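Report on the structure given below.
Residue numbers start at 1 and run along the sequence shown. What you see is a predicted model, and the numbers here were worked out from it, not measured in a lab. These numbers come from the heavy atoms of this one structure, side chains and all, not from hydrogens, waters or symmetry mates.
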Amino acid sequence: MKTLYVSDLDGTLLRSDEHTSEFTNNTINNLVQKGMLFSYATARSYSTSRKVTEGLNANIPLITFNGTIIVDNCSGELIHKIFFGADANIILEDLFRNDVFPIVYSFIDNVERFSFFSEKRTSGMIKFLNMRQGDKRTRIVNNETELKVGEIFYITCIDKEEKLHPLFIKYKDKYHCVYEKDIYTGEQWLEIMPQGASKANAIKQLKEILGCDYLVVFGDGTNDIDMFEIADESYAVENAVDELKQIATGIIESNDKDGVANLLISHVNK
């Protein structure tokens, strides 16, 4: 039986300082060298994922942007990507009408960029953007039209709950939406992805690519529910939301106590 292990990052594999610990890095690197197939599935981009997991050698494809993009961790090559197509303009126009001006991820001339309307930044957006100062993907625009440029694949709204919740209700059955508070800032987020983009669907593709027939996953948030539902074994860290704990195979130690790494060790020892 060939097993694939997949972990969420923020709140699960990463500690509260937004990095993997030396213990987690050493544990996973040693197990990977012995043949374990380990990857992660995250809402982060490939660029920011690599920064916060520096020292971790997971040299198989990684799932980023909540399953919108699968990328080869060695070459940086995109293995799979999903775009909105014409629906992007429809969504953005509706957001603008509701006074919501999101961060828009797209490929412009085959280069990944994230764009935002500088004059319409919310306090939550400013916090997010301040953590990404110097990011080469940054694209500041001066009007709504410029936000709609490129092949759009991910839309992030950071705003007040009363503005975002009605939009979540409106879009959740037509697109893949994640509506939750950021675990670091407490700001309300609404992330909108093309229908069919999910951690679960990306993991299914990864299982096929790697020829795996058994899946073990780890998570902490509501955006991990879909991958828990397809897993043979699923483990929620102690700091996970109750909704995820209720469907988990088991509860493990928190992210700050290296719960994932410790569970991996116990699995190998079995």
Side-chain angles (χ1 to χ4, degrees), residues 1-14 28 31-32 35-46 49 53 58-73 78-83 153-154 168 171-180 183 191-252 255 259-264 266-268 270:
M1 184 171 60
K2 197 172 182 181
T3 300
L4 172 63
Y5 295 87
V6 180
S7 177
D8 171 58
L9 284 187
D10 292 277
T12 306
L13 198 66
L14 304 185
I28 294 175
L31 293 174
V32 167
M36 175 178 283
L37 293 175
F38 178 88
S39 184
Y40 55 72
T42 177
R44 288 179 179 263
S45 68
Y46 176 60
S49 297
T53 60
N59 294 321
I60 61 175
L62 305 175
I63 296 165
T64 61
F65 288 108
N66 274 323
T68 307
I69 291 178
I70 303 176
V71 58
D72 185 281
N73 196 29
L78 302 186
I79 297 171
H80 178 75
K81 52 188 176 182
I82 303 176
F83 297 114
F153 62 91
Y154 204 89
F168 168 65
Y171 296 142
K172 67 183 180 68
D173 295 326
K174 189 172 183 181
Y175 305 104
H176 179 201
C177 297
V178 176
Y179 179 77
E180 62 185 9
I183 64 173
E191 296 171 287
I192 309 169
M193 294 146 270
Q195 189 64 268
S198 68
K199 289 185 177 182
N201 286 342
I203 287 172
K204 289 176 184 177
Q205 292 188 51
L206 192 54
K207 281 181 66 179
E208 185 173 347
I209 291 170
L210 299 172
C212 296
D213 49 16
Y214 199 83
L215 174 65
V216 180
V217 302
F218 308 89
D220 76 303
T222 55
N223 68 331
D224 298 318
I225 289 174
D226 63 338
M227 69 177 187
F228 270 46
E229 291 175 338
I230 66 164
D232 296 288
E233 295 180 39
S234 56
Y235 296 93
V237 285
E238 181 57 42
N239 51 289
V241 298
D242 289 339
E243 191 176 356
L244 195 69
K245 289 180 177 179
Q246 289 170 4
I247 63 172
T249 303
I251 312 300
I252 60 176
N255 61 326
V260 173
N262 287 322
L263 192 283
L264 292 174
S266 69
H267 255 229
V268 171
K270 287 180 182 179

Q. Is K2 reaching over with its side chain to a backbone N or O of L210, donor-acceptor style, under 3.5 angstrom?
A. yes
Q | S45 side chain reached by F65 side chain, heavy atoms, under 4.5 Å | A | yes
Q.
Please determine whether side chain to side chain contact (heavy atoms under 4.5 Å, CB included) holds for the pair Y5 and V260, giving the CA-CA distance in whole Å, both sets of side-chain angles, and the decisive distance to 0.1 Å.
A. CA-CA 10 Å; Y5 295 87; V260 173; over 6 Å; no
Q | Exam field: side chain N201 to backbone G67, donor-acceptor pair closer than 3.5 Å | A | no
Q | Heavy-atom side-chain contact between L244 and I225 under 4.5 Å | A | yes
Q | Nearest-0.5 Å distance that lies between atom CG in L264 and atom CE in M36 | A | 5.0 Å
**Q.** Parallel, tilted or perpendicular, as decided by the 30° and 60° cut-offs, for the rings of F168 and Y179
**A.** parallel
Q: Measure from the side-chain N and O atoms of T249 to the backbone N and O of S234, and report whether any donor-acceptor pair falls under 3.5 Å.
A: yes
Q: State the CD1-OG distance between I82 and S198, to the nearest 0.5 angstrom.
A: 7.5 Å
Q | Sidechain-backbone polar pair: D8 side chain, F218 backbone, donor-acceptor under 3.5 Å | A | no
Q: Decide if atom CD of Q195 counts as having more than 12 heavy atoms of other residues, nucleotides or ligands within a radius under 6.0 Å.
A: yes
Q: Look at the side chain of K199 and the backbone N and O of M227, then say whether any donor-acceptor pair between them is shorter than 3.5 Å.
A: no
**Q.** Donor-acceptor contact below 3.5 Å, side chain N73 vs main chain I60
**A.** no
Q: Would you confirm whether T3, through its side chain, and Y214, through its main-chain N or O, come within 3.5 Å as a donor-acceptor pair?
A: no
Q) Is the shortest heavy-atom distance from the side chain of D224 to the side chain of V217 under 4.5 Å? A) no
Q | Value rounded to 0.5 Å, distance of NZ in K245 from CZ in F228 | A | 11.0 Å
Q | Sub-4.5 Å side-chain heavy-atom contact between C212 and L37 | A | yes
Q: List the atom of T53, the atom of Y40, and the distance in Å for their closest heavy-atom pair.
A: OG1-OH, 3.7 Å
Q: Determine whether I69 and F153 make a side-chain contact, defined as any pair of heavy atoms from C-beta on separated by less than 4.5 Å.
A: yes
Q) Hey, what do you get for CG (L206) to CD1 (I63), rounding to the nearest 0.5 Å? A) 5.0 Å
**Q.** Sub-4.5 Å side-chain heavy-atom contact between I251 and E238
**A.** yes
Q | Whether S39 side chain and P61 backbone form a donor-acceptor pair below 3.5 Å | A | yes
(Q) Less than 4.5 Å apart, side chain to side chain, heavy atoms only: is that true for L14 and R44? (A) yes
**Q.** T68 side, atom OG1; L78 side, atom CG - distance, nearest 0.5 Å
**A.** 12.0 Å
Q | Euclidean distance, D226 CG relative to K204 NZ, rounded to 0.5 Å | A | 9.0 Å
(Q) Could you walk me through whether F38 and L13 satisfy the side chain to side chain contact (heavy atoms under 4.5 Å, CB included) test, starting with their C-alpha distance in whole Å, then the side-chain angles of each, then the deciding distance to 0.1 Å, before giving a yes or no? (A) CA-CA 12 Å; F38 178 88; L13 198 66; 4.0 Å; yes
(Q) Testing the basics here: between A43 and N223, what is the closest heavy-atom pair and its distance to 0.1 Å? (A) CB-ND2, 4.3 Å
Q. Is the backbone N or O of I70 less than 3.5 Å from a side-chain atom of H80, with the two atoms forming a donor-acceptor pair by type?
A. no
Q. Can you check side chain to side chain contact (heavy atoms under 4.5 Å, CB included) on L9 and S49, steps first, answer last?
A. CA-CA 8 Å; L9 284 187; S49 297; 3.9 Å; yes
Q) Which one of N239, T42, D220 satisfies the side-chain hydrogen bond (donor to acceptor under 3.5 Å, both in side chains) criterion with T12? A) D220
